There are 4 protein chains.
Amino acid sequence: MTTTFTKKDLTIADQQRLQTLEQHIELARDYFLGYPVSKDFDFSEINHFLNFPINNIGDPYEQGSTYRVQTHELEREVIRFFAKLFRANPQDYWGYVTNGSSESNLYGLYLAREMYPKGMVYYSGSTHYSVRKNIHLLNIPSIVIRSQDNGEIDYEDFENTVRMNRHKPAIVLATFGTTMHEAKDDVTRLKGILKKLAIQDHYIHCDGALAGTFGAFIEPRLPFDFKDGADSISISGHKFVGSPIPCGVIVTKKSNRDRIAKGISYIGSLDTTITGSRNGHSPLFLWYGLKKMGEEGLRARYLYSLDIARYCENKLKEAGITAWRNPEAITVVLPKTTESIKQKWQLATEGDMSHIICMPNVTRAQIDEFVEDIVNSEEEAEEEFEFEF
Amino acid sequence: MTTTFTKKDLTIADQQRLQTLEQHIELARDYFLGYPVSKDFDFSEINHFLNFPINNIGDPYEQGSTYRVQTHELEREVIRFFAKLFRANPQDYWGYVTNGSSESNLYGLYLAREMYPKGMVYYSGSTHYSVRKNIHLLNIPSIVIRSQDNGEIDYEDFENTVRMNRHKPAIVLATFGTTMHEAKDDVTRLKGILKKLAIQDHYIHCDGALAGTFGAFIEPRLPFDFKDGADSISISGHKFVGSPIPCGVIVTKKSNRDRIAKGISYIGSLDTTITGSRNGHSPLFLWYGLKKMGEEGLRARYLYSLDIARYCENKLKEAGITAWRNPEAITVVLPKTTESIKQKWQLATEGDMSHIICMPNVTRAQIDEFVEDIVNSEEEAEEEFEFEF
Amino acid sequence: MTTTFTKKDLTIADQQRLQTLEQHIELARDYFLGYPVSKDFDFSEINHFLNFPINNIGDPYEQGSTYRVQTHELEREVIRFFAKLFRANPQDYWGYVTNGSSESNLYGLYLAREMYPKGMVYYSGSTHYSVRKNIHLLNIPSIVIRSQDNGEIDYEDFENTVRMNRHKPAIVLATFGTTMHEAKDDVTRLKGILKKLAIQDHYIHCDGALAGTFGAFIEPRLPFDFKDGADSISISGHKFVGSPIPCGVIVTKKSNRDRIAKGISYIGSLDTTITGSRNGHSPLFLWYGLKKMGEEGLRARYLYSLDIARYCENKLKEAGITAWRNPEAITVVLPKTTESIKQKWQLATEGDMSHIICMPNVTRAQIDEFVEDIVNSEEEAEEEFEFEF
Amino acid sequence: MTTTFTKKDLTIADQQRLQTLEQHIELARDYFLGYPVSKDFDFSEINHFLNFPINNIGDPYEQGSTYRVQTHELEREVIRFFAKLFRANPQDYWGYVTNGSSESNLYGLYLAREMYPKGMVYYSGSTHYSVRKNIHLLNIPSIVIRSQDNGEIDYEDFENTVRMNRHKPAIVLATFGTTMHEAKDDVTRLKGILKKLAIQDHYIHCDGALAGTFGAFIEPRLPFDFKDGADSISISGHKFVGSPIPCGVIVTKKSNRDRIAKGISYIGSLDTTITGSRNGHSPLFLWYGLKKMGEEGLRARYLYSLDIARYCENKLKEAGITAWRNPEAITVVLPKTTESIKQKWQLATEGDMSHIICMPNVTRAQIDEFVEDIVNSEEEAEEEFEFEF
């Protein structure tokens with residue numbers, strides 16, 4: 001396909017910038033332990049789809065649009081995969097592939113607000129910061145519930161707080177795998193408290209960005225899915241499954257979604273997604289990744305990660321570091337490291353803590369190198385403010 | 001990089017599905033005239049970046065995050081390119097690459113709401129449907145202004161409506177290139193009306209998803225940019241520039257953005273973007289595309305499109321079709337076609353109208369084929385509802 | 001009085017800084033024409049009061065406080081002077097000396113809001129910017145009324161706008177001497193419109209920061225005072241009377257003030273002022289200045305200023321500059337000057353206009369020098385944005 | 001500088017009034033123990049600056065204004081001095097010199113309201129009365145928290161009250177040195193309670209009008225500053241440092257201030273201060289005072305005051321008076337005295353209590369005289385209401 005205008009080549013300087021960028025990115029990729037991103041994916045078999053401007057505009061379950069450069073069918077299969085894993089009612093689920101778990105959570109909260117315009121959102125202090133941004137964006141009143149030391153929501157504080165607001169519908173944002181500790185709020189217990197308080201108007205959204213993907217494989221089972229009491233579940237696609245592009249999935253009850261459907265003439269589709277044009281490559285990546293590993297491969301990934309996490313925790317303890325994990329977690333929490341180690345391994349820190357997330361690509365060799373770095377590190381002075389007074 | 005678990009091959013059935021999908025998509029790509037998507041891009045030089053989980057999490061102008069597999073630097077250059085094109089104050093602009101113009105518009109409206117929590121949004125009836133979704137999401141009161149027949153906002157109705165709400169800050173969503181007619185609301189005229197009504201608290205967001213990218217090249221000039229009176233401008237990246245993944249750009253005044261900055265400890269960044277994790281490939285695609293064409297290449301693309309649009313309008317008129325265009329538009333409006341033509345060329349229709357958007361990849365040969373299809377088409381009975389009762 | 005700790009001398013560097021500052025300030029003082037500040041005061045007779053920490057805390061008319069290092073008695077005389085000048089009811093006035101007309105206006109609007117909590121504020125687009133800050137601070141809804149070209153409020157627009165909000169109490173902020181043009185809103189005409197619309201719940205505050213001090217001497221009379229319809233009037237003390245410290249006066253009806261009196265035990269005073277501790281030197285300066293000039297001296301100052309303004313306007317016109325004045329104004333409006341003239345004479349500019357305010361200290365010689373500067377100035381290029389792209 | 005109109009001399013009567021006033025003020029100054037005002041300042045070295053109409057209009061950190069008779073540079077140094085003393089982040093502080101701590105507190109609360117428009121203010125019953133005026137002016141809902149007997153906020157009541165309003169952002173007005181008892185609310189403890197209740201949206205303003213100036217010198221340390229958890233701190237300038245004119249300082253985080261910046265064309269400055277014209281002499285007085293004493297001199301002043309306070313407390317106790325002090329306070333609380341003593345020493349009283357504030361100028365001789373007065377005083381019949389019926 002040619003057009004009448006020419007394109008120039010990149011300048012040599014720009015070509016070199018791209019090479020430097022690639023080297024920089026490759027190096028950075030090989031040394032991060034602090035972010036929950038898988039990097040062992042191989043999509044060479046489908047990379048050529050990049051030649052097409054795929055756009056999954058609109059609802060993947062509505063067939064009205066005339067635009068056909070899309071992957072709606074694969075998208076529906078991805079949703080079905082997770083709906084099954086999350087024990088949704090096969091007759092009553094819906095979802096779409098989002099630009100990341102932040103949009104997935106936004107969608108869950110949006111649904112909840114539409115159902116309960118006078119609702120109050122409850123979420124723990126360990127909830128991902130983007131949830132606060134979402135709640136602010138949606139303009140919903142909210143109360144933060146205290147966290148326990150392990151990062152899990154404080155159920156007693158939750159109960160007392162909801163009790164004082166029993167006249168309002170309760171929208172609960174449970175986290176299945178908090179950012180820092182991979183703590184998992186117990187959806188069944190939260191639902192039980194709502195029942196005990198006789199709050200009939202309630203909605204539980206489960207943010208499973210970190211651990212939702214492998215939640216079905218945890219033994220003994222930790223409650224988080226539709227049968228456990230959730231009304232919607234969000235997960236990340238680029239974290240545990242792996243994808244070059246950040247993406248996520250929202251799975252919800254179809255009956256709830258129908259409440260916010262609005263008729264739109266332009267795209268010939270009842271568009272209940274948040275964005276308009278939607279990335280059609282991410283569903284393809286996710287579909288491909290899920291097909292390649294299947295449910296069993298996904299389970300194997302989790303068991304591998306869990307094994308590495310145990311190994312890491314033990315190695316750190318043997319080295320005299322006070323490391324710990326939540327039950328069955330793949331995240332190992334440890335005291336804040338020195339700045340140089342933090343930078344080398346791209347560790348996220350919060351207060352006086354840091355963590356390692358044993359994604360499926362992390363190896364024992366990397367753990368060994370990391371622990372060695374810790375052992376050899378020297379005390380560094382804490383950064384202080386300085387005035388040039 | 002290897003891990004301990006194996007991956008299976010795709011089944012033969014699935015491999016065939018992928019092949020079929022590709023053929024289907026390729027065919028569909030070659031025959032759409034009704035959607036504003038460029039398809040002449042060639043990113044083979046940078047496709048291998050797909051091997052990395054690039055994530056531009058957080059504000060591209062904040063350097064605090066420890067996660068380094070990102071393309072923030074290129075992203076800032078993309079923003080600067082458009083800030084310059086839109087005549088922003090070099091000391092006072094900010095922006096980021098979004099997942100599409102829908103998110104860009106959401107951001108503009110979000111900024112406006114934060115500045116004027118008691119504001120009222122005004123937008124014309126020809127505004128893109130996703131804007132209504134955005135306004136609903138943000139929970140802002142709004143009033144729809146009548147459109148003129150050519151799709152442009154009715155300035156008289158705008159003035160009368162705002163006059164009746166002079167005690168409220170005015171948030172105006174101007175469209176520079178409406179979906180159906182590529183009509184362009186005159187930002188300077190809108191601002192003049194606000195000034196005449198002495199509304200000091202106001203904010204004008206310009207939705208340039210369709211025409212913003214080439215707005216600077218239109219002669220005679222049509223007002224839409226920062227010097228013309230806009231406070232923020234959104235554009236699409238995958239439309240006129242071309243990108244395999246839907247993406248957009250929001251450019252705003254830095255001073256306005258600062259009002260919604262919130263300190264966040266987790267990512268070590270003041271994150272004022274809407275999402276958390278952000279696609280880092282799209283900035284790379286945009287940067288590459290802009291580098292390859294430069295400002296002059298972009299201008300050439302517009303002039304080419306304009307030429308094709310004139311050609312198309314004339315051919316249709318010669319064939320007796322009542323086609324028309326807004327001044328300097330690349331969109332040709334025509335009466336609704338038959339269903340088979342609509343499907344073949346993937347035309348968007350609204351009421352009794354349809355349109356062709358002469359993106360840079362559209363050729364005279366395609367126009368010829370399309371017009372021939374029209375001429376040869378037979379009248380079809382209007383589709384009736386049928387019940388399978 | 002001595003205490004047990006010693007004080008060091010200023011370093012020589014700091015002493016030199018003070019000298020440089022004084023020279024800089026002296027030079028700057030001698031060359032400003034664009035700000036309404038008198039600089040011909042001489043308070044050497046009372047400067048030694050600076051040795052006392054005078055604090056007029058609380059209401060000057062309440063005698064309860066035990067703190068006696070204050071000048072409440074003089075303050076009351078200052079208020080009485082202006083109450084008389086503004087033809088207040090001798091049985092029903094109240095006021096205090098503020099930190100400037102901004103606080104005076106804040107007080108007037110505060111009174112109005114307390115009387116009409118559901119009121120709507122109306123003010124013209126030429127109103128001083130600090131009024132908008134005040135309204136925002138007080139959290140009152142407001143509508144800006146269009147200005148006429150001479151800076152005066154557009155009465156027709158005012159009438160139409162109030163008519164559309166007849167169910168709300170009307171709080172009118174009239175300006176007697178706008179910042180840029182010294183335009184004077186006609187309080188009697190505004191009141192007449194409210195009467196015509198039968199708005200019984202209304203309040204008119206007159207911002208006389210610039211021209212209120214000499215308003216009583218203008219002939220033919222322009223309506224602005226209590227008899228003309230105002231409920232409160234604010235003026236500046238450091239502008240026309242002259243004072244080293246910015247200060248202002250608010251005069252209002254005592255009956256209105258009583259509505260916001262709140263009992264406070266601590267200072268033994270019903271404190272209805274906005275601040276707590278209050279500068280007690282400013283009332284002394286004002287009292288002294290008023291005593292020295294008396295009403296007749298004040299009138300003479302105005303007539304002198306008026307004479308200089310006429311002289312200035314004529315000289316500029318003779319030089320071919322399109323200068324103009326509002327009726328009986330001491331402000332001469334002229335087209336925006338070059339940057340160097342603006343800097344030398346410290347001119348305030350707005351859009352494409354500038355102005356000279358002929359305060360009582362401005363001399364014909366200064367006008368001559370200024371006009372000569374204008375005549376000799378060369379065209380300068382307008383500042384443009386530049387991108388380092 | 002001369003103008004064409006003459007000024008008359010003061011009448012002999014008026015000259016005598018001024019002399020009487022001065023004597024009265026001098027006497028009053030020498031005998032007040034009940035107000036926190038230093039009177040040992042000597043500004044003779046800089047008094048001649050009174051000859052200039054200094055006006056620090058606008059933000060001291062914005063350099064745009066054309067008006068140059070100002071002391072912005074010294075003002076910024078004053079702010080920096082206190083920012084350092086209050087352990088602010090050197091990259092993130094801002095402030096200005098106000099007309100007193102009342103305006104400083106107003107500014108802190110204003111910032112908080114702008115950040116959290118739906119916030120609730122909490123303050124103790126011992127808070128300065130002007131804070132209530134401020135909250136009323138700003139139109140923010142508020143709840144008064146019980147005080148303990150020593151004047152400190154009741155932390156338990158605070159926790160219980162906030163718990164019941166957890167859905168609202170919490171704006172806390174902590175007092176560091178209450179008016180009557182010089183009690184100091186523990187900012188770190190208050191912040192800890194907010195954290196325990198998981199209130200992420202919160203703002204703590206510390207009213208340090210009385211004790212903030214010397215707070216950094218108290219040992220053992222009492223928490224009140226930025227590192228301790230405050231978002232903004234206000235202090236008085238005329239109290240502990242000494243100044244003939246009431247003034248104050250507000251220090252806040254620059255990042256917070258940026259949220260309320262508004263562009264204003266008139267003064268060519270982003271003016272985020274509350275008033276328009278601003279007293280430029282007070283920053284000069286403060287700068288001079290701080291330069292003369294330095295941080296060490298300020299510390300010496302505090303230690304001197306503390307010593308006098310201990311002396312006073314002991315003398316009173318020896319005389320059989322039940323006097324007491326809060327830990328490390330310079331205020332001595334005692335039972336209400338007779339009316340004649342109250343008048344002679346200008347004591348502030350509240351309920352059945354009175355206090356002496358041992359400012360740096362108070363001497364042992366004055367304490368001795370005061371205690372002697374107390375010992376010699378005879379019981380007086382309590383004043384009764386009388387009706388002149």
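Everything numeric in this text was worked out from a predicted model, so none of it was measured. Order of the sequence lines sets the chain letters (A, B, ...), proteins ahead of strands, with each chain counted from 1.
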Proximity breakdown for [X] and chain A, heavy-atom pairs closer than 4.5 Å:
| X | value |
| --- | --- |
| B/T98 | neither |
| B/S236 | neither |
| B/L284 | side chain |
| B/D9 | both |
| B/K239 | neither |
| B/F43 | neither |

Contact origin within [X] toward chain B - heavy atom pairs under 4.5 Å:
| X | result |
| --- | --- |
| A/E26 | both |
| A/S282 | neither |
| A/L106 | side chain |
| A/V37 | side chain |
| A/I46 | side chain |
| A/N56 | neither |
| A/W287 | side chain |
| A/E77 | side chain |
| A/Y31 | neither |
| A/L303 | neither |

Look up atom [atom1] in [X] and atom [atom2] in [Y], then write down how far apart they are to the nearest 0.5 Å.
| X | Y | atom1 | atom2 | result |
| --- | --- | --- | --- | --- |
| B/N47 | A/S44 | CG | OG | 12.5 Å |
| A/Q15 | B/K291 | CD | NZ | 12.0 Å |
| B/L18 | A/H48 | CG | NE2 | 7.5 Å |
| A/H136 | B/Y110 | NE2 | OH | 4.0 Å |
| B/I25 | A/I54 | CD1 | CD1 | 4.0 Å |
| A/L138 | B/L138 | CG | CG | 8.0 Å |

Quick one: of [options], who has the most non-hydrogen atom pairs under 4.5 Å with chain A?
| options | result |
| --- | --- |
| B/P246, B/C247, B/S130 | B/P246 |
| B/E73, B/H238, B/R113, B/E103 | B/R113 |
| B/S102, B/P53, B/A28 | B/P53 |

Among [options], single out the residue with the greatest number of heavy-atom pairs under 4.5 Å to chain B.
| options | value |
| --- | --- |
| A/I308, A/N279, A/L137 | A/L137 |
| A/E45, A/H281, A/E22 | A/E22 |
| A/G242, A/S277, A/P244 | A/P244 |
| A/N51, A/L50, A/D42, A/T11 | A/L50 |

Problem set entry | A/D14 side chain near B/Y288 side chain, heavy-atom distance below 4.5 Å | no
Exercise. Is the backbone N or O of A/G100 less than 3.5 Å from a side-chain atom of B/R278, with the two atoms forming a donor-acceptor pair by type?
Worked result: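 No, because the side chain of B/R278 does not come within donor-acceptor range (under 3.5 Å) of the backbone of A/G100.
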For this session: Of all the heavy-atom pairs spanning B/V69 and A/Q346, show the shortest one and how long it is.
Result: N-OE1, 4.2 Å
Exercise. What closest approach, in Å, do B/L21 and A/Q70 show between heavy atoms, and which atom pair accounts for it?
Worked result: CD1-O, 4.0 Å
